[in-house]
Amino acid sequence: MILELLKNRVSQALVAAFGEELAGVDPLVVPASNPRFGDYQSNVALSLPKQLKQNPRAIAQQIADNIDITNICQTPEIAGPGFLNFTLLASYLATRLKDIQTDSRLGVEIAKNPQRTVIDFSSPNIAKEMHVGHLRSTIIGDSIARILEFRGHDVLRLNHVGDWGTQFGMLIAYLREAYPKALTTADALDLGDLVSLYKKAKVRFDEDEQFRENSRQEVVKLQAGAEDSRHAWQLLCNQSRREFQTIYDLLKIELKERGESFYNPLLTGVVEELSNQGLLAESEGAKCVFLEGFQNKKGEPLPLIVQKSDGGYNYATTDLAALNYRVQQDGAQRIIYVTDTGQANHFAGVFQVARRAGMVSERVEVVHVPFGLVLGPDGKKLKTRSGETVRLRDLLAEAVSRARKDLEVRLEKEGRQEEEEFIADVARVVGMGAVKYADLSQNRTSDYIFSYDKMLALQGNTAPYMLYAYVRVQGISRKGKIDFENLTEDEKINLAETEELVLGKHILQLSEVLAEVEQDLLPNRLCQYLFELSQKFNLFYDRCPILKATEPQRTSRLILADLTARTLKLGLSLLGMEVLERM
RNA sequence: GGGUGCGUAACUCAGUGGAUAGAGUAGCUGCCUUCUAAGCAGCGAGUCGUAGGUUCAAAUCCUACCGCACCCGCCA
């Protein structure tokens, strides 16, 4: 990583110029804020005047005098109040590009300390359909998992499905009175029916005291392991599971189901442990742990309820059990929860209690990765025209169908004839890519406005724009009958034109960006990088003829184009997106 | 009422201590006998919600206030 290299060199120069006491100082090297200032800058001289009793420009000068960057950068420039600017040499860039040409990882290092990482994402509820509310968790969680996996971490992707609790008592109780057959026969109902039944059951639950009592009895029976209840529950779960799987298949997302029910046998132990630790209190009949730093309306400490007054457990208990299991049994060193921001308080509470109870040591990082809502064009929570929650399969199907229409219009306009298979495949890749990219390219934490038109737009920061950049390179390969894999290794890269230089530099920054995303868990940084890469490539493509160039420039440019395409393909794959040869 | 997050160009958004705050869209203007113009270049557009504070340096950190969203003991 070039950034890492420069940091080391600046650190060494600091020691050489000012002595050992500067050894631990952060060299403050960052990519240049503006291309006019070169490629990287160190701001460290600005932070040292007090300590060194010298003015910042003089400090910068001494760093410059002592730094060893021959063959890497031009002589560093001191600018403004004391910025130290570095401009990479074209020859150095060419060497580095040559290095990654034969590297399938494109220069991205494996993490120095691979971590056992659990990512908890997607997590739909059994007996309900996946809807727009699951979109972001699923897409963001998958992307984070892919990035960490690529960096060499040992990732366990867990689908913490809602397959337990009150809702099942309710549902089974309702089915028992209304559709007893559904409890004994597989697939007697389809999931759509199940969802509407769920709603009816909910209405009954809210209205009818006797029904509420029946539901509670069903939960008790289920949790006690009664044969017919278990069987009914299994049928419901299997049916939902298959439905979920069709969506995961479409999105090409893999994850391991380990639902809430998995932790059921561990719940009493959690409460016992909290009691042993002296953390448990009783309030209004419920067992809870009072949180530090959280207060209710009256200024009293807020409780985290772990056992309800009726003796039942709730999601806090399950989450504590899961956390404990993930640390103890899964050996997790980093645990990532991808859920909406609305659950921030809940997780803060759970994490705090887990720490205080000693379930999670300081060595384990537990982090909530929150994301904002998906809004409609009106700026409110996305709904269908009739005001219903948008089903995920409808949303995805709509994206594909719109992508297909766009393509067909273009084929018509350009007088192209294509096979059905080609059309269907392009529509799928573009549609899925558009949905995923639109989501991932936003800063996770804020809400975003969902718009098919924007995400499928052919211009702008969209999936189609980037897919097109990739397609352009493949077009060159076809037209010139070039096999990129067989470009001779002894051909040189020569970054003569500005566009080549700019593109080459950007290609080499992938590993820096991924290292950042690995820390911040913000995939939009990777999106930004890939968008800029596409822009820089398009400019290069516009200004620098490739197939028509004379040697040795021709081969040099072919290598550059190939590296761009491979970087795009790799980067997009880390976002969970596919590429196309033609579109 | 308390908590959390957000408030940046007409619109959608980047930018979590560094130089003159960026991109895309929309609008206007150029560039296709040339590797897919699904592209490229140029132009206009901002009191970074408001007011203080910390710092050599603040959109970024702190405090207060205004506005919006979400959450707030037995749903997850």
Side-chain angles (χ1 to χ4, degrees), chain A residues 28 30 32-34 36-37 41 43 46-47 49-50 55-56 79-83 85 123 125 160 162 164-167 260 283-288 290 293-300 302-310 312-316 318-319 339-346 348 370 372-373 375 379-381 406-407 410 414 416 441-443 445-449 451 453-454 457-462 464-465 467-469 471-480 482 520 522 524-525 527-528 531-532 534-535 538-543 545-549 557 561 582-583:
Chain A
L28 298 177
V30 291
S33 61
N34 187 310
R36 285 180 294 128
F37 304 135
Q41 64 183 67
N43 305 325
L46 293 159
S47 69
K50 273 184 194 157
N55 75 60
F83 297 105
N85 293 333
S123 308
N125 290 314
H160 191 75
W164 207 240
T166 342
Q167 83 240 28
E260 292 168 351
S283 172
E284 295 171 34
K287 289 183 177 149
C288 58
F290 284 103
F294 292 86
Q295 297 183 336
N296 67 9
K297 311 165 193 170
K298 296 170 200 153
E300 299 155 345
L302 210 63
L304 183 79
I305 293 178
V306 293
Q307 190 165 16
K308 300 186 283 185
S309 51
D310 67 2
Y313 301 106
N314 64 4
Y315 64 124
T318 308
D319 279 339
T339 77
D340 63 282
T341 54
Q343 297 189 50
N345 285 342
H346 164 67
L373 299 171
L375 307 177
K380 299 208 168 128
K381 226 171 167 172
D406 287 350
L407 174 62
R410 208 151 40 76
E414 295 170 10
R416 282 164 63 189
S441 60
Q442 306 281 316
N443 184 320
T445 53
S446 41
D447 297 346
Y448 84 99
I449 295 179
S451 159
D453 289 338
K454 282 203 171 161
L458 308 167
Q459 51 278 104
N461 187 3
T462 65
Y465 177 85
L467 293 174
Y468 178 60
V471 162
R472 279 185 142 177
V473 178
Q474 306 318 310
I476 291 168
S477 152
R478 277 192 304 276
K479 181 100 176 186
I482 308 291
D520 304 342
L522 291 171
N524 65 304
R525 300 260 163 96
C527 294
Q528 189 64 30
F531 177 55
E532 285 168 9
S534 304
Q535 284 184 311
N538 276 328
L539 183 52
F540 161 74
Y541 181 93
D542 197 56
R543 298 285 172 82
I546 299 171
L547 292 174
K548 286 185 184 124
R557 286 179 181 171
R582 293 192 302 124
M583 63 192 286

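First the proteins, then the strands, lettered A, B, ... as listed; each starts at 1.
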What is the distance from [atom1] of [X] to [atom2] of [N], rounded to the nearest Å?
X: L373(A); N: C70(B); atom1: CG; atom2: C1'; result: 7 Å
X: Q459(A); N: A37(B); atom1: CD; atom2: C1'; result: 11 Å
X: R543(A); N: A37(B); atom1: CZ; atom2: C1'; result: 15 Å
X: Q343(A); N: C70(B); atom1: CD; atom2: P; result: 15 Å
X: E414(A); N: C32(B); atom1: CD; atom2: C1'; result: 13 Å
X: I449(A); N: C13(B); atom1: CD1; atom2: C1'; result: 10 Å
X: D447(A); N: C70(B); atom1: CG; atom2: P; result: 8 Å
X: N538(A); N: C31(B); atom1: CG; atom2: C1'; result: 15 Å

Check: In dot-bracket notation, what is the pairing pattern of RNA chain B, taking Watson-Crick (N1-N3 plus N6-O4 or O6-N4) and G-U wobble (N1-O2 and O6-N3) contacts under 3.5 Å, with [ ] crossing and | for other strands?
Finding: (((((((..((((....[...)))).(((((.......))))).....(((((..]....))))))))))))....
Checking all strands, does [X] fall into the base, sugar-phosphate, or nothing category for heavy-atom contacts under 4.0 angstrom?
X: V471(A); value: base
X: N345(A); value: base
X: P464(A); value: nothing
X: Q307(A); value: nothing
X: A286(A); value: base
X: G162(A); value: nothing

Next item on the list: Side-chain contact test, heavy atoms from C-beta onward, threshold under 4.5 Å: evaluate it for R582(A) versus R478(A) and give yes or no.
Entry: yes
When you check the phosphate oxygens OP1 and OP2 of [N], does a side-chain N or O of [X] lie under 4.0 Å from one of them?
X: R472(A); N: A37(B); result: yes
X: K479(A); N: C35(B); result: yes
X: K50(A); N: C56(B); result: yes

Notebook entry, point to check: Which parts of nucleotides 14-19 of chain B does protein reach within less than 4.0 Å, heavy atoms only, written one letter per nucleotide 5' to 3' as B for base, S for sugar-phosphate only and - for none?
Noted result: SSB-BB
Check: Glycosidic conformation of C71(B), syn or anti, with 90° from 0 as the boundary?
Finding: anti
Item checked: Chi-based syn or anti call at G73(B), which uses purine or pyrimidine torsion atoms and a 90° bound -> syn
Item checked: Contacts of N443(A) that satisfy side chain to side chain donor-acceptor pair (under 3.5 Å) - sequence neighbours left out -> T445(A)
Note to self: Checking R525(A) now: which residues fulfil salt bridge (charged side-chain N to carboxylate O under 4.0 Å, His left out) with it, not counting sequence neighbours?
What the structure shows: E516(A), D520(A)
Note to self: Taking the six-membered ring for Trp, are Y465(A) and F531(A) closer than 6.0 Å centroid to centroid?
What the structure shows: yes
Checklist line | Listed partners of E414(A) passing side-chain contact (heavy atoms from CB on, under 4.5 Å), at least two apart | finding: R410(A), R416(A)
Margin query: Measuring from the side chain of Y541(A) (C-beta onward, heavy atoms only), which nucleotide among C35(B), A23(B), G73(B) has the closest atom?
Written below: C35(B)
Note to self: Just to verify, what does Y541(A) make a ring pair (Phe, Tyr, Trp, His ring centres under 6.0 Å) with, not counting sequence neighbours?
What the structure shows: F537(A)
